[in-house]
Amino acid sequence: MSIRVHEHAAHANEPRPEGNSVFSKFAAPTGRGRGIARRIAAAALTSGLVATCTAAGAGAAAADDGTHRQTGAVATLDGLKTFDRATLRANGKSHPIPAGLFEMTVDGGGRLKTYCVDLHNPTQVQAKYLEAPAAQTSLAANRDAGRIRWILRNSFPQVDDLAALAKAAGSGPLTQRTAAAGTQVAIWRYSDGADVDALDPAAEKLADWLHRRARDIPEPRASLSLEPSTVSGRPGGRLGPVTVRTDADRVSLAPPADAAASGVRVTDAAGKSVTSAVNGTKVYLDVPAGAPDGSATLTAQAMTPVPVGRAFISTTRSQAQILAGSSESTVSATAGVTWAAKGAIPAFSAKRNCAEGGLDVTAANSGDAPFTFELGGIEHTIPAGRSRTVTVPVAEDQSYDVTVSAPGGFSASFKGVLDCATTGLAAPVASSASPAAETPVSQLAPASAGGSSAGPEGDLAATGSSDATPMITGIAITLVVIGGGAIFFLRKKPAPKE
């Protein structure tokens, strides 16, 4: 296995790159820190990863009472709702397929409409989806990704005056179904390089018009993010800043779950406690002097439409989607903070690297002592003030298990399926979730076989758009899932006092 390694300077408050924080190895235990128990947060949904932590000989861990989600929206796929028919030509054969809009229900409230950008992969009803950057999808190396975003902004459902759309395209009368089908066909031509046509003549003319006119536009930023996603330092001061990025009018800030006991506060630069923020607000976590070495989580939440053009990836093998419309929806983000009085203050992060076809695992050490970990059978020692990124090759569409380990019998692993590439001219495969045997995986049949919605309904009527932890109390593992999921804390049981 060939592993690519990059080493660079680490910044105490900005371990790079952002991703899924895996675990931390710490300096020798101190007397002050020896009896600190930590929590393990429940849930392990990541950006296409299922992350697990194990610790040999560790005591039972209690569930974290906090809710830790990815950057942006988390949603469940309801199925294909507004669609018509299309014909896909692959391997010398023609395949009839449905083409149109999916709908998703957002955790915490809200509805999304999406198109597929991953034609030949299966789709699973009730699959969990996470808002993600295009770099973590099959659009990562697609030079036409910006043209897909142009199509989304200039066709149905963003343009809901179908008479005006038909006139502009010279297509003839369009219904919501044929407009959705024509839009999806145009997207597939750019997302998958597919040889595909809409069955309805008006839908086909719309697809041709969109395909010809599409221009490159930039990717929108996340609906809500905290930057950087992890900060670290010494107790006795404010750690940060963490900057809020969002289009929401107001963001609620939740302090760490044990803030009352630990004394950790969310503040502004002057040290005043804050409970809300707007785009661009810089906040800090104030850790009192003498606080036992540990870690905490800052949670931000808001209600806002998710920007059109944001990608959504599944935590299982279910085709990637791209947002076409959003109601006001619940979005959230977390930032982890770790502190130690002395020694190493490391943070691990991991994220899918579609451009390299692998998983980037990054270790950053902002403390004053080195730490060591093992990945892919190779031992790495990270000096104080440095960071190192190791890219582990992962086979496309194959299950993988990438494990990082540290002394003391501890390990952390990422398990999942890397879905970064389109399958080109491969014919559609049957989907186990499809209610009808003849329905190809390119699009999932509606939840009720043969039925579909007539178009935008309920809160979708108006679709919106808008442009780790220090090791001082024995060995500890911290798993912060950025880009999807949960935060895990696991510490070895303190040694009995003599």
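On a predicted model such as this, the values are computed, not experimentally measured, just so you know.
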A side-chain contact here means heavy atoms from C-beta on lying under 4.5 Å apart; do [X] and [Y] qualify?
X      : Y      : result
Asn279 : Val244 : no
Thr175 : Phe156 : no
Ser232 : Val337 : no
His120 : Gln319 : no
Leu375 : Val392 : yes
Arg85  : Pro96  : yes
Pro307 : Ser223 : yes
Val361 : Arg388 : no

Test: [X] and [Y] ion pair at under 4.0 Å:
X      : Y      : result
Asp247 : Arg221 : yes
Arg189 : Asp197 : yes
Asp84  : Arg177 : no
Arg310 : Glu131 : yes

Residues two or more places apart in sequence or in another chain: which of them pass salt bridge (Lys or Arg N to Asp or Glu O under 4.0 Å) with Arg147?
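If we apply the salt bridge (Lys or Arg N to Asp or Glu O under 4.0 Å) test to Arg147, skipping adjacent residues, the hits are Asp144.
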Atom pair CG (Leu88) and NE2 (His95), whose distance is rounded to the nearest 0.5 Å:
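The CG atom of Leu88 sits 6.0 Å away from the NE2 atom of His95.
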Measuring from atom OG of Ser229 to atom CG of Leu226, what distance do you get when rounded to the nearest 0.5 angstrom?
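Answer rounded to 0.5 Å: 8.5 Å.
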Mind listing the closest non-hydrogen atom pair of [X] and [Y] along with its distance?
X      : Y      : answer
Ala86  : Val185 : CB-CG2, 4.0 Å
Thr334 : Thr299 : CG2-OG1, 3.9 Å
Arg89  : Ser94  : CG-OG, 3.5 Å
Tyr115 : Leu152 : CD1-CD2, 3.6 Å

Does [X] use its side chain to pair, donor to acceptor, with the backbone of [Y] at less than 3.5 Å?
X      : Y      : value
Glu219 : Gly309 : no
Ser191 : Ile187 : yes
Asp118 : Asn121 : no
Gln158 : Arg153 : no
Thr281 : Val278 : yes
Glu204 : Ala198 : yes
Arg212 : Leu210 : no
Thr137 : Leu139 : yes
Ser171 : Ala169 : no
Ser318 : Ser314 : no

Given Leu130 and Phe312, is the side-chain contact (heavy atoms from CB on, under 4.5 Å) satisfied, shown in steps?
CA-CA 5 Å; Leu130 312 171; Phe312 277 78; 5.8 Å; no
Would the number of heavy atoms belonging to other residues, nucleotides or ligands and lying under 6.0 Å from CZ of Arg245 be above 12?
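Yes.
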Please walk me through it: do Thr87 and Ile97 pass side-chain contact (heavy atoms from CB on, under 4.5 Å)?
CA-CA 6 Å; Thr87 300; Ile97 57 174; over 6 Å; no
Trace of the salt bridge (charged side-chain N to carboxylate O under 4.0 Å, His left out) decision for Asp216 with Arg143
CA-CA 9 Å; Asp216 186 71; Arg143 291 178 295 180; over 6 Å; no
Pair Val331, Thr304 - check side-chain contact (heavy atoms from CB on, under 4.5 Å), show working.
CA-CA 7 Å; Val331 296; Thr304 185; 3.7 Å; yes
Plane angle bin for Phe373 and His380 - parallel if under 30°, tilted between 30 and 60°, otherwise perpendicular
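Ring orientation, 0 to 90° scale: parallel.
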